[in-house]
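This report refers to the structure that appears directly beneath it.
Here the structure is a predicted model, which is why all the values come from computation and not from measurement. Per chain, numbering begins at 1; letters A, B, ... match sequence-line order.
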There are 2 protein chains.
Amino acid sequence: MKRNTWQREAVREALGGSEGFVSAQALHSSLREQGSPIGLATVYRALSDLATEGEADSLQQEGEALYRACTPGTHHHHLICRNCGLAVEIEADAVESWAKDVAAEHGFTEASHVVDVFGYCAECSAKRA
Amino acid sequence: MKRNTWQREAVREALGGSEGFVSAQALHSSLREQGSPIGLATVYRALSDLATEGEADSLQQEGEALYRACTPGTHHHHLICRNCGLAVEIEADAVESWAKDVAAEHGFTEASHVVDVFGYCAECSAKRA
DNA sequence: ACGCCCGATGATAATGATTGTCAAAAGCGA
DNA sequence: TCGCTTTTGACAATCATTATCATCGGGCGT
């Protein structure tokens with residue numbers, strides 16, 4: 001049975017409130033600074049659960065796992081700012097079918113794919129100029 | 001100045017001789033089994049150098065960094081077998097321009113992207129049936 | 001409302017990959 | 001060959017993440 005705890009809710013909320021992708025460690029510190037006595041292990045567990053249930057997306061960057069709340073149940077990709085972490089959800093039907101075709105072409109089955117675009121968002125581009 | 005050492009050559013060769021993506025640890029064990037007294041740290045350094053120089057591609061999976069020798073100087077992506085690690089280089093001009101367009105559309109600059117397709121290769125698909 | 005059972009929590013230790021350190025061991029030009 | 005400099009490699013250090021396990025508390029049955 002799955003239980004409702006204030007910790008899980010806190011993680012969900014903190015995730016939803018952040019602009020871009022966040023690391024588990026960062027989310028934990030952030031919660032701690034807000035006064036939450038939540039444990040690090042719990043944050044990891046909560047994030048892992050959210051990702052499994054489709055309420056969050058995760059991606060690996062430089063050895064860290066980053067998470068972001070996102071519309072549940074839909075398949076999409078992200079456009080991510082290298083500087084501030086801002087993430088925009090993007091549709092990629094063209095890429096979806098392309099990936100499937102390429103896989104089939106080479107005899108691969110059960111194809112999944114990783115597609116993420118990185119860059120500097122408008123704001124950060126301006127700041128760097 | 002960059003020096004030519006047998007260690008660097010050994011890593012390059014071992015990488016070129018392997019079928020798919022390999023982890024640094026795996027490459028190290030493999031070299032050791034072949035009698036090479038090469039150090040683990042050296043393997044990491046060599047792989048990192050090769051990746052920087054464009055002689056190898058790297059990707060992150062499940063917290064590990066995987067490497068693969070590939071044609072230098074060209075930009076391409078991979079179709080990777082989840083089971084045996086077999087990797088096929090694929091062209092993706094359509095995706096290249098798509099990524100650039102999407103980035104520009106949202107005001108992002110200096111766009112780069114990560115595109116990898118995972119699946120089971122023909123051989124492994126057969127075995128799993 | 002009460003009590004009990006079992007999943008959830010959290011401090012801490014453990015793990016596993018990777019990087020830093022530094023003395024000793026080669027490259028390479030002179 | 002000589003000497004300077006980079007590279008190596010054993011080992012310690014670091015970092016994110018996971019496992020452990022005693023304790024806590026949610027929520028169902030009563």
Side-chain angles (χ1 to χ4, degrees), chain A residues 1-15 18 20-53 55-69 80 82 85 114 116, chain B residues 1-15 18 20-53 55-69 80 82 85 114 116:
Chain A
M1 157 205 331
K2 186 161 55 179
R3 292 180 186 172
N4 269 350
T5 62
W6 65 265
Q7 287 98 332
R8 225 172 266 275
E9 207 42 53
V11 170
R12 195 198 310 273
E13 212 169 296
L15 197 61
S18 54
F21 277 79
V22 207
S23 74
Q25 310 264 352
L27 205 63
H28 177 240
S29 320
S30 154
L31 282 166
R32 280 305 188 83
E33 278 172 21
Q34 287 168 35
S36 248
I38 195 170
L40 177 58
T42 305
V43 174
Y44 274 101
R45 274 187 293 245
L47 285 175
S48 156
D49 286 355
L50 286 175
T52 301
E53 292 161 25
E55 290 196 55
D57 265 3
S58 71
L59 64 85
Q60 312 269 131
Q61 196 184 184
E62 298 176 23
E64 265 187 318
L66 302 182
Y67 296 87
R68 166 119 221 279
I80 302 144
R82 269 194 285 264
V114 176
D116 286 300
Chain B
M1 155 204 334
K2 188 161 53 180
R3 292 178 187 176
N4 268 349
T5 62
W6 64 266
Q7 286 99 330
R8 224 173 267 274
E9 207 43 52
V11 169
R12 195 199 308 273
E13 212 169 296
L15 197 60
S18 54
F21 276 79
V22 207
S23 73
Q25 310 264 350
L27 206 63
H28 177 240
S29 320
S30 153
L31 282 166
R32 280 306 188 84
E33 279 173 18
Q34 287 167 36
S36 247
I38 194 170
L40 178 58
T42 306
V43 174
Y44 274 101
R45 276 186 292 244
L47 285 174
S48 156
D49 285 355
L50 286 175
T52 301
E53 292 161 26
E55 290 197 55
D57 264 3
S58 71
L59 64 86
Q60 313 268 131
Q61 195 186 185
E62 297 176 24
E64 265 186 319
L66 302 182
Y67 296 88
R68 166 117 224 278
I80 302 145
R82 268 194 285 264
V114 176
D116 285 300

Are OP1 or OP2 of C:dA17 and a side-chain N or O of B:Ser23 less than 4.0 angstrom apart?
-> no
Pick base, sugar-phosphate or nothing for B:Gln25, based on heavy-atom distances below 4.0 Å to the nucleic acid.
-> base
Mind checking A:Arg8 for me? I need base, sugar-phosphate or nothing, with any heavy atom below 4.0 Å counting as a touch.
-> sugar-phosphate
Between [atom2] of [N] and [atom1] of [X], the distance in whole Å:
X       : N      : atom1 : atom2 : result
B:Tyr44 : C:dG16 : OH    : P     : 12 Å
B:Gln7  : D:dT6  : CD    : C1'   : 12 Å
B:Arg32 : D:dT8  : CZ    : P     : 14 Å
B:Ile38 : C:dA26 : CD1   : P     : 14 Å
B:His28 : C:dG16 : NE2   : P     : 17 Å
A:Gln60 : C:dA17 : CD    : C1'   : 13 Å
A:Tyr67 : D:dT17 : OH    : P     : 7 Å
B:Glu9  : C:dA26 : CD    : C1'   : 16 Å

Output the distance between atom CZ (B:Arg45) and atom CD (B:Gln7), rounded to the nearest 0.5 Å.
-> 10.0 Å
Atom pair CD/CD of B:Glu64 and A:Gln60 - distance to nearest 0.5 Å = 11.0 Å
On DNA chain C, nearest-nucleotide positions of A:Asp49 versus B:Ala41: which is more 5'?
-> A:Asp49
Okay, side chain of A:Arg32, backbone of A:Ile38: is any donor-acceptor separation there less than 3.5 Å?
-> yes
Between the main-chain N or O of A:Tyr44 and the side-chain N or O of A:Ser48, is there a donor-acceptor pair closer than 3.5 Å?
-> no
Which nucleotide wins on minimum distance to the side chain of [X], given the candidates [options]?
X       : options                : result
A:Asn4  : D:dG27, D:dA10, C:dA11 : D:dG27
B:Trp6  : D:dT7, C:dT9, D:dG9    : D:dG9
B:Thr42 : C:dA17, D:dG9, C:dA11  : D:dG9
B:Glu64 : C:dG10, C:dG7, C:dA17  : C:dA17
B:Ala65 : D:dT7, C:dT18, D:dA10  : C:dT18
B:Leu40 : C:dA8, C:dT18, D:dT7   : C:dT18

Is there a donor on the side chain of B:Arg3 or the base of D:dT6 sitting less than 3.5 Å from an acceptor on the other?
-> yes
Considering only heavy atoms and no angle criterion, is a donor-acceptor pair shorter than 3.5 Å present between the side chain of B:Arg45 and the base of C:dG20?
-> no
Applying the side chain to side chain contact (heavy atoms under 4.5 Å, CB included) test to B:Tyr67, which of B:Val11, B:Leu15, B:Asp57, B:Leu50 qualifies?
-> B:Leu15
